[in-house]
Amino acid sequence: MSLLIRGGTVVDTTHSYRADVLCVDGKIAAVGPDLEAPPGAEVVDAGGLLVMPGGIDPHTHMELPFMGTVASDDFYTGTAAGFAGGTTSIIDFVIPNPQQSLLEAFRAWRGWAEKAAGDYAFHVAVTWWSESVREEMGILAREHGVASFKHFMAYKNAIMADDEVLVNSFRRALELGALPTVHAENGELVFQLQRELLAAGITGPEAHPLSRPPAVEGEAANRAIRIAEVIGVPLYIVHNSAKQALEAIARARGEGQRVFGEVLAGHLVIDDSVYQDSDFTRAAAHVMSPPFRAKEHQDALWKGLQAGHLHTTATDHCTFCAPQKAAGKDDFTKIPNGCGGIEDRMSILWHYGVNTGRLTPSEFVAVTSTNAARIFNLHPRKGAVEAGADADLVLWDPNGERTISAKTHHQNVDFNIFEGRTVRGVARRTIAAGKVVWDDGVLRAERGRGGICRGR
Ligand code: URP
Ligand code: ZN
Ligand code: ZN
Ligand code: ZN
């Protein structure tokens with residue numbers, strides 16, 4: 001099966017150049033000028049389009065069992081929606097319950113992911129500590145290609161990792177050559193602030209950001225960084241949303257520490273006024289952790305991307321419909337935390353990043369795809385337009401426009417946090433494993449066609 005992409009401009013993390021791309025049997029076979037179409041090849045005209053590595057969303061939670069419910073986008077609907085926006089791979093999270101075997105949880109997630117339309121890899125969360133956890137981290141890293149272990153510093157009385165877990169797990173990650181990652185929020189502070197707000201009768205979604213102020217994130221980011229410093233292990237901090245977290249990352253990097261930062265498309269463009277909406281459904285639809293923040297934090301996040309202190313863009317795609325969010329009607333701490341975005345991440349980054357001059361097209365490729373592939377050991381199989389890489393590509397139309405809406409999106413959720421925004425810069429065609437899966441408005445995703453990706 002071969003596909004020739006003809007007449008486009010290839011963009012990678014260093015430059016742009018006119019070249020055709022030949023895909024054979026799911027891999028890129030050649031990149032160069034005026035390639036011949038093999039007999040029987042499908043030819044796609046990429047005139048006027050940019051040919052970039054398919055997006056990698058390094059932070060998703062498809063069909064996650066969480067806060068008494070299950071995220072509404074599953075591995076099929078979620079990866080298919082990604083295709084519509086130019087994203088071809090995800091890295092999702094296996095989250096064992098405390099006391100649960102990591103391998104048992106890994107097998108459960110791998111089973112759920114069999115329905116995925118696109119490729120996927122997994123981070124595995126360490127939510128408790130014992131000798132068996134230590135051993136299973138080794139099996140996951142050595143036999144299953146797990147490159148990263150995640151630690152939730154929030155969600156006390158559920159999946160929170162305390163300092164004892166962090167220290168033990170970071171040490172083990174170092175031994176294994178794996179990368180520790182953290183959700184940085186001080187879970188004890190969040191817990192106590194939530195209790196105080198509820199006791200004061202502040203029970204609606206407007207209390208959510210009050211229970212998780214920026215300093216709560218700054219403290220945890222800095223603590224994780226300093227623990228990593230003592231142990232001598234690199235660190236990746238997911239969904240940075242606060243200026244204080246960025247300052248901690250910039251400081252550590254300036255001191256020579258290897259710290260990587262991720263930012264969500266939503267945190268770059270949405271502010272905390274969403275929690276003041278008098279309509280519960282709309283306010284609750286924005287409840288995620290860390291919360292959307294005041295404008296000064298968005299400015300800091302953009303500068304962090306530009307300065308190279310933030311390396312990847314993600315979505316934390318974790319969707320819940322209005323009836324699910326309604327579980328917290330009388331108590332904001334019971335609103336399932338999570339928002340969507342996999343379909344819109346790349347357009348949001350292009351529109352607000354490239355069109356404004358904050359990012360070059362090559363920097364866009366780095367922060368939407370290649371950096372994630374490099375950090376999580378998927379490069380050069382993913383995140384590269386070169387012979388031998390997987391044929392996962394997006395044919396990007398920098399002049400195409402669309403208006404984002406839950407009425408037209410492909411995500412299996414009744415709300416879109418980017419509703420009504422008109423963006424310039426869209427995925428015209430998306431190619432996954434050498435096949436056109438998003439064809440100028442027509443989704444051709446196939447259930448189960450994705451596979452687990454282990455990098456090299
Ligand atoms: O609110 C969020 N982010 N939900 C998903 C779980 C997490 O913390 O990433
Ligand atoms: Zn190049
Ligand atoms: Zn998180
Ligand atoms: Zn998450």
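Every number for a ligand or one of its atoms is a count from 1 in the order of the listing. Please read all numbers here as calculations on a predicted model, not as lab measurements. Position 1 is the first residue of the sequence; numbering continues from there.
Closest to atom 4 (N) of ligand 1 among all protein heavy atoms lies N337 O, 3.0 Å. Scanning the protein for heavy atoms near atom 3 (N) of ligand 1, the closest one is D316 OD2, 2.5 Å.
Side-chain rings of H267 and F292 approach one another, their centers coming within less than 6.0 Å. Taking the six-membered ring for Trp and the full ring otherwise, F376 and F122 have centroids separated by 6.0 Å or more. Aromatic ring centres of W302 and Y352 lie farther apart than the 6.0 Å criterion allows. If you look at H410 and F83, their ring centroids are not closer than 6.0 Å.
Within the protein, the number of N, O or S atoms lying under 2.8 Å from the Zn ion (ligand 4) is 3.
The shell of residues lying under 4.0 angstrom from ligand 1, judged by heavy atoms, includes Y155.
With distances taken over non-hydrogen atoms, the option nearest atom 1 (O) of ligand 1 out of S241, S289, A154 is S289.
Counting heavy atoms closer than 4.0 Å to ligand 1, residue H183 contributes side-chain atoms (C-beta onward) but none from N, CA, C or O.
Between F170 and H151, the ring-plane angle classifies as perpendicular under the 30° and 60° cut-offs. The aromatic rings of H61 and F152 lie tilted to each other, with the angle between the two planes from 30° to 60°.
Here is the list of ligand 1 atoms found below 4.0 Å of a heavy atom in M288: 1 (O), 3 (N).
Checking only distances, K150 never comes within under 3.5 Å of ligand 1, N or O to N or O.
Judged purely by distance below 3.5 Å, without hydrogens or angles, the side chains of T333 and Q194 never pair a donor atom with an acceptor atom.
Here the rule is side chain to side chain contact (heavy atoms under 4.5 Å, CB included) with I91, and of L378, D119, I375 only L378 fits it.
At a threshold of 4.0 Å, the pair R358-E363 does not count as salt-bridged, since none of the basic side-chain nitrogens sits closer than that to a carboxylate oxygen.
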